[in-house]
Structures are given as C-alpha cells and as structure tokens.
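Inspection log for the structure reproduced underneath, given as structure tokens.
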Amino acid sequence: MKPTNLRSVSASTEVSAGAASSSPTFSWNDVVRVSQPEFNPNDSSNLRGFFDKIKVCNRGAELQSEFLPFVVEEQIVGYIHKGFAENLRSFEDVFILSKDNCDGSKVMLHQSLKSADDRTRAVGEVIKCLAENELIPGIRNELFPVTSSYGAPVFFSLERAAAPYFGIKAYGVHMNGYVEKDEQKFLWLGKRSLVKSTFPGMLDHLVAGGLPHGIACGENLIKECEEEAGIPRTLSSRAISVGAVSYSDIDGHRFKRDVLFTYDLKLPESFVPNNQDGEVESFKLIPVKHVANIIKRTDFFKTNCNIVIIDFLFRHGYITPECFGYLDLLQSLKSGDCS
C-alpha cells in the first residue's frame, strides 16, 4: 500500500467541527487499512498530523472581537456574536444589549429575571422561538449549566444546542477504554450512528458525553458507559480520572469553549461493548499505535476525540520528548480556557 492513497482516504470524510454533515463513506476495512504502519512508513515520529487535528478544534481566534460578552450578575458567562445578538433585541423582556461607556457593549439578562429557574424558563422560551426560525438547529432537550467556571454557582441552565451560540463553557466526559494483551495496548473505538445529527458515521471514543446540569462527572460517566457501550457499573466504577483537555473554536456565529474531563478504563480481554441507546453503529478493538496513525493520516474521528486520544498517547508513552514539537503539542491540549 502506497502513501499516495492517503489524500483520498482523508478527503472523503471531511466535516466541519460541531456541525451536522453528510455521512462519511469509510468502513472499518478502510480504518484498518490506513492504520497499518506500511501505509506510510515515514511518519512514525512526525507530530504534524497531531498538530493539524488540534488546529481544527481551535479555529478563529482572530475573530473574537466580533463577539460581545454575555454577562450575568457581573460575571462573564459567555460570548455572543454581534450578528446573532441582533436576533435577541426583540426579546426585550429577557435580553438587554447595552453599551457601557467604560466596558463597551455587552449582552445581559433583564433585571427582573432574578432566580435561576426564572432565567432558565425565560431563555428557554427564546431558544424555542429561535429554533422555530431555524436560527438554532438540532435542539437536544438537554440542559447545560451556565457558569463562569467549573464548580462556580450556576446562574441558569441552557439548551445544549444553544450553548455555542451563547458561547458558554460546556463540559463533557470522555473515556478511553483500553485492553492489554500480548504485551501491547488496544483501544476500543466506536463508529457513530448514521442518524446522529452531528458527525454521523465518524469514529468516536468507546464512551463520551456532555455534562448536563445536576449530575457529577463520575456518575455521568457511569451512566454513559451503560448507555453507549453496555459497561456495567461493576466495571465502569473502576475508571480513573486522568485530567482534562480544552479547546476554543469559532465557526460563524458559534463559539465553542469546551472542557473535556478525561478518564481511562482498563477492560478485561473478554469484554465486548454493546450499544444500548442506538447512537453507536459498531465497535472495533485496534492497537493504540494504529489508532495514532488513524489520527495523523485521516479525518475519520469526531474532531474533539482526537485531542483526548492524543492526551492518552502522551500519558501512556506513545509520544515521547524525542519527538520534535513535543512540548508545543503537550501545551496545545489545553488551548481553551480550562477552568
């Protein structure tokens, strides 16, 4: 197999970060084929492919001036594009677009909305109207907490699909499920269902999910383990919290400021995942070294999964200081505001 085929395999699956797209055309056979060392024998120590994947999740830094601070109780909780903010003017009993001589323009909630419940209800009605006018697609009916930082007071809760349009910090849990056999490590990968509204048919972690309001990270992970991979609590409770990664991505009116809490779970060789919620099409166990090749050589993975797996590669010794760009790549895993 010659590396000249690399471009066609990669280009056939390009999708924009966070957006719904047409389904990719690759199969597990393509995944295995491109992962083989002989597919491109000269890229073993080249980190460029990893840097490219980090860059995809951190676009548009130069465009941040196009966004207004979203302020609640004198705390910046998000950023709203000036163009999108115009859609909020007609909801004057919920949103105020002000211009302070000292601080500049900003978006605030109406002063009559004093409690978290009142804010959640009022903003929710606005989101419903915007969705009906196709300004916020893909409503999930799942609420994310709106806060200035993790663990800080929650000012209200916001529909998940609206999170990037209000530029709030969104949190999630991502788990690397791995197996050790024959003196090497393997990762279980999932292939997303073709009916998913975002990244249909793309590769994914064994388990991952957003962090809704009112549930702790560990308990949310256990829930996701059962739903996405059929992992019983007796196994999922052994998952080890290993840190967090972050990214900051601007795409049109959307500003994603995500923090992903990362977990590792060593699974027995006998375990085979079984999806329970219809969101995963299939699973495959692949050597970690080959997973690294998939990331470097293709666009097969849901974009933010690349960051979490690159973090796994660092922590398990697959990326070493001998690789040129080691520290720069390590720092880039927290390109967003990790707070």
Side-chain angles (χ1 to χ4, degrees), residues 17-18 47 50-65 67 69-72 74-80 143-155 157-158 160 162-176 204-205 207-221 224 239-251 254-265 295 301-316 318-319 321 325-339:
L47 301 183
F50 296 142
F51 278 109
D52 289 343
K53 298 308 184 295
I54 301 293
K55 186 177 180 181
V56 167
C57 289
N58 291 280
R59 301 169 298 172
E62 72 281 3
L63 302 174
Q64 191 164 346
S65 61
F67 289 75
F70 180 27
V71 178
V72 180
E74 300 184 350
Q75 296 289 318
I76 295 177
V77 298
Y79 295 90
I80 302 174
L143 295 177
F144 272 11
V146 177
T147 180
S148 60
S149 61
Y150 184 72
V154 176
F155 297 115
S157 298
L158 179 70
R160 178 175 181 173
Y165 292 94
F166 287 80
I168 69 166
K169 286 184 178 177
Y171 301 89
V173 293
H174 281 232
M175 190 187 81
N176 302 288
D204 205 336
H205 292 297
V207 172
L211 185 63
H213 178 54
I215 185 170
C217 282
E219 193 60 33
N220 190 45
L221 182 71
E224 295 287 350
I240 299 173
S241 172
V242 292
V245 297
S246 62
Y247 56 94
S248 177
D249 185 68
I250 292 176
D251 179 19
R254 298 159 48 90
F255 191 172
K256 288 180 67 65
R257 301 194 300 140
D258 292 357
V259 177
L260 308 179
F261 295 103
T262 54
Y263 292 79
D264 285 355
L265 176 60
I295 292 175
F301 272 101
K302 177 176 176 283
T303 52
N304 63 2
C305 295
N306 291 312
I307 304 177
V308 177
I309 297 176
I310 292 170
D311 176 67
F312 180 91
L313 297 174
F314 271 105
R315 292 184 292 98
H316 289 260
Y318 292 91
I319 299 176
Y326 176 88
L327 290 178
D328 288 338
L329 183 62
L330 183 62
Q331 289 178 323
S332 74
L333 300 178
K334 290 183 173 64
S335 293
D337 181 1
C338 199
S339 67

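Below, all heavy atoms of this structure are taken into account, side chains as well, without hydrogens, waters or symmetry copies. Throughout, residue positions are numbered sequentially from 1 according to the sequence presented.
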* To do: Would you please name every residue forming a side-chain contact (heavy atoms from CB on, under 4.5 Å) with K55, sequence neighbours left out?
  =>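 With sequence neighbours excluded, K55 shows a side-chain contact (heavy atoms from CB on, under 4.5 Å) to no residue whatsoever.
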Where is the tightest heavy-atom contact between [X] and [Y], given as atom of each residue plus distance?
| X | Y | answer |
| --- | --- | --- |
| N220 | G209 | ND2-O, 4.4 Å |
| S335 | I54 | OG-CG2, 4.2 Å |
| C217 | L211 | SG-CD2, 3.7 Å |
| A244 | T262 | N-OG1, 3.7 Å |

For the [atom1] atom of [X] and the [atom2] atom of [Y], what is their distance to the nearest 0.5 Å?
| X | Y | atom1 | atom2 | value |
| --- | --- | --- | --- | --- |
| D311 | I319 | CG | CD1 | 9.0 Å |
| L158 | T147 | CG | OG1 | 13.0 Å |
| R257 | S246 | CZ | OG | 11.0 Å |

* Any sub-3.5 Å donor-acceptor pair from K256's side-chain atoms to A170's backbone N or O? -> no
Can you name the side chain to side chain donor-acceptor pair (under 3.5 Å) partners of [X], sequence neighbours left out?
| X | result |
| --- | --- |
| R160 | E142 |
| K302 | N304 |
| N58 | none |

* Aromatic ring proximity, centroids under 6.0 angstrom, Y171 and F144 -> no
With a 4.5 Å heavy-atom cut-off, do [X] and [Y] have their side chains touching?
| X | Y | result |
| --- | --- | --- |
| C57 | D249 | no |
| L333 | F314 | yes |
| H213 | V146 | no |
| T303 | Y247 | no |
| V259 | Y150 | no |

* **Y263: partners by ring-ring contact (aromatic ring centres under 6.0 Å, His included), with sequence neighbours left out** =>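 With sequence neighbours excluded, Y263 shows a ring-ring contact (aromatic ring centres under 6.0 Å, His included) to no residue whatsoever.
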* To do: Check ring-ring contact (aromatic ring centres under 6.0 Å, His included) between F255 and all other residues, then give those that pass, not counting sequence neighbours.
  =>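 In terms of ring-ring contact (aromatic ring centres under 6.0 Å, His included), with neighbours along the sequence ignored, F255 is linked to F67, Y79.
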* Can you tell me if N176 and H316 form a side-chain donor-acceptor pair at under 3.5 Å? ->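 N176 vs H316: no donor-acceptor pair found between side chains.
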